[in-house]
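First the structure, in the form of structure tokens, and then the observations on it.
We use all heavy atoms of the structure for the numbers below, so side chains are in, but hydrogens, waters and symmetry mates are not. Proteins come first, then strands; the chains are lettered A, B, ... in the order of their sequence lines, and each starts at number 1.
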There are 2 protein chains.
Amino acid sequence: MNAGKPKKRVVIVGGGFGGLRVARGLDGVDDLEITLLDRRNHHLFQPLLYQVAMAGLSPAEIAVPIRTIFSRQRNCRVILETAIGIDFANKKLHTLGVGDLDYDWLVLACGSRHSYFGHGEWENYAPGLKSLEEATEIRRRVLTAFELAEKESDPAKQRRLLTFVVIGAGPTGVELAGALGEISRYTLSRDFRRIDPERARVILIEAGPRILPTFAEKLSDRATRDLEQLGVTVWTNTMVTNVTSDGVVLGGESVQAATVLWAAGVAPSELNRALGIDLDRQGRVIVDKDCSIPGHRDVFVIGDQAHLEEEPGKPLPGLAPVAIQQGRHVARNIQLELKGKAREPFHYLDKGQMATIGRKRAIAQFAGMEIAGLFAWLAWLLVHVYYLIGFKNRLQVMWEWTWSYLKFRRGARLIVNKDWHLQPLAAPRPVEAPPLTAPLPPPPTTQAHA
Amino acid sequence: MNAGKPKKRVVIVGGGFGGLRVARGLDGVDDLEITLLDRRNHHLFQPLLYQVAMAGLSPAEIAVPIRTIFSRQRNCRVILETAIGIDFANKKLHTLGVGDLDYDWLVLACGSRHSYFGHGEWENYAPGLKSLEEATEIRRRVLTAFELAEKESDPAKQRRLLTFVVIGAGPTGVELAGALGEISRYTLSRDFRRIDPERARVILIEAGPRILPTFAEKLSDRATRDLEQLGVTVWTNTMVTNVTSDGVVLGGESVQAATVLWAAGVAPSELNRALGIDLDRQGRVIVDKDCSIPGHRDVFVIGDQAHLEEEPGKPLPGLAPVAIQQGRHVARNIQLELKGKAREPFHYLDKGQMATIGRKRAIAQFAGMEIAGLFAWLAWLLVHVYYLIGFKNRLQVMWEWTWSYLKFRRGARLIVNKDWHLQPLAAPRPVEAPPLTAPLPPPPTTQAHA
């Protein structure tokens, strides 16, 4: 009915939890022309990424091509592209490969990446867990360490190969450490002849006084006991002062470890620095109550990339539900404006939080309740499988887990070498934005769990 | 009952179809100590590898850790290791990482790799399909080409991005070309806005006079028609004279293509050159009727790595059934010798051959019959799923295919970048054996299908 009228353009940067919800929330609005950019071709269900790293799931089980999600949404176009800056005055988004994109509304939903607190060189020795590439790299390191230990006759070298250090005890660090404990105790134990995988050391290091600091203290204690039952050593109040090829240095102490994993800090997208607008100490964009940038009402920032305070001094946490709710809200506000109505402010509905430690071990707090153990684990399982995008994935992941649960197997235990020697595709390929030269200051929290 | 008696040592190099059957065939023989070496941690079901390259299956669905296969076989030890030579006189296998391994019987089952007929530099532009790494690299190139075409406004550049050339029309080449045709026509067509994936060109190039030359001529013709119905152009009697970043050169002609895939030739393991024994023109080890090396009766060579003639001048083909039957046979002969009995000669039971072109399209010949179409395709499906190792994988792959069949979807359409920037694991890692300096002469057949 609006044929002939020029369409308004919505440009969305990022196909994570937030960006997807904006685009999906505008499905069927014929007055709009939506362009969604992402540097990768897939949406990633980040809460289960640790399962890919720990060989429990395959990449295709927790990721889905963004194109597939929008194949039937005719007002949305998807491109594999990198955003590098914004011309606020002329309402243009600068991109690396396709030049400038004009927008009427722009939504930034670029998420976060690792922060090594100014020690970028640690990344070589302690990869973090944000992408499928990182997950399969961590998988390769963990499985290769066991394979090398099997061949090693020197006890000191074998001990180093069988030592796994996880830095940072937010939900991701706890999940990784718990899964490492389980793999060593149950999954790999019968497969090796010369080593006893149960002798593997898993050490979880946390700078603060307790693990999972965003949870109630009672639940932190329970999670610590659960981890210890899986053979994980928990060291709180412990600062990592260096990470090298040998392992980690903790002030005067040091631990020799072939495998070190980083789950200690995140920082928002590099794009923020290029915008010339107000950022918080962590580098997040400080936004208004409707998620728009003050002074640039047509640009919204949501999810991990944004700093939104509902109570003074308490920005919303970097959690998937925040991004999802903000995404839906921005879509609603765009529709209101299309109809000439006023925007509504965003309100976060806190549905609680949960973290899993291992099979039958999880903690959860919501609606004033604090639960732990089998029931919390089942709740965790249901919530995570329910939110997996795509019916097929849900069934498949349920099947995969049921099988693993019955058999203590991990189906995806494949070492796929990364140093494959082929040249890159001859045609121009999307590249990562150049890294910032100045490191970001350390964030106040240990771990934001997206 | 033989406790106290020193155990005999069997060393097996390679965890492919042949090597696995040797080790499994010796299960329960307490007098033996078996060591199986492989450079990779997984057994690969090669006949379905093209499905990983074409985003139909995930790596974990066609690969299984070798360790898992042998977790309950107590007389078999698995190590991730590379063989680099043999000391026949002292019965020692030289390895890259763990020194020498003593053997009473040695089995070489190293399989084959690509041969670029002396043009190793073509590999950069035209990857082949032998490993999971290569399959995911091919997947990345194909999907990235469509993504770049979606962004491209120059029609000539878009045409180049949407041109896919497959070199070599043996079973692998035909499977790749057929799958590319299907993906373009059905799977991707609804996902793109600016390009019409149906306009993608898929060109299958064959040097010989017809595709699938090991099949009856009638079946070759049928396969050609099937391919053409999927939009694949078949060029026979066409020699590739150069492969560059632009595409392929065919004598006086040339085709601009962003994606070129190599399925034109294989050569046996590099190890053969280091042995100082008789090789055939392709570089395969010429073996006796019991698969042992003449003059070295305690060393067996099986599968693609061996040249065994049952009829003079007609060596057995490089097919999985040959390797499987030889592996079982070698295990039987070792058991006979353990009991002080004489070895038996190997006889190949030809069960026929089959190749698939796409959904409901396949050809097969066995027991004097030649079939094509839906029935051949169902036979192909049953045989391949039946031979997948592991009950779980079979169910999962059936489910995956049923879903794809119903929905024309491809679940594994993920682009995972290979140029991930982390440093290698600090501990020593297994590396590939150094390449041969002298290129091997071209083999007589266009494609051996393992």
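- Heavy-atom distances place the side chain of Arg193(B), and not its backbone, under 4.5 Å from chain A.
- Residues satisfying the side chain to side chain donor-acceptor pair (under 3.5 Å) criterion with Glu121(A), sequence neighbours excluded, are His119(A).
- Listed by chain and number, the residues in a side chain to side chain donor-acceptor pair (under 3.5 Å) with Thr35(B) amount to none (sequence neighbours excluded).
- Between Gly15(A) and Leu36(A), the closest heavy-atom pair is CA-CD2, 4.0 Å.
- Contacts between Arg67(A) and chain B at a heavy-atom distance below 4.5 Å involve backbone atoms as well as side-chain atoms.
- When heavy atoms are compared at a cutoff of 4.5 Å, Arg74(A) approaches chain B by way of both its backbone and its side chain.
- Under the 3.5 Å distance criterion, with hydrogens and angles disregarded, no donor-acceptor pair is assigned to the side chains of Thr144(B) and Glu147(B).
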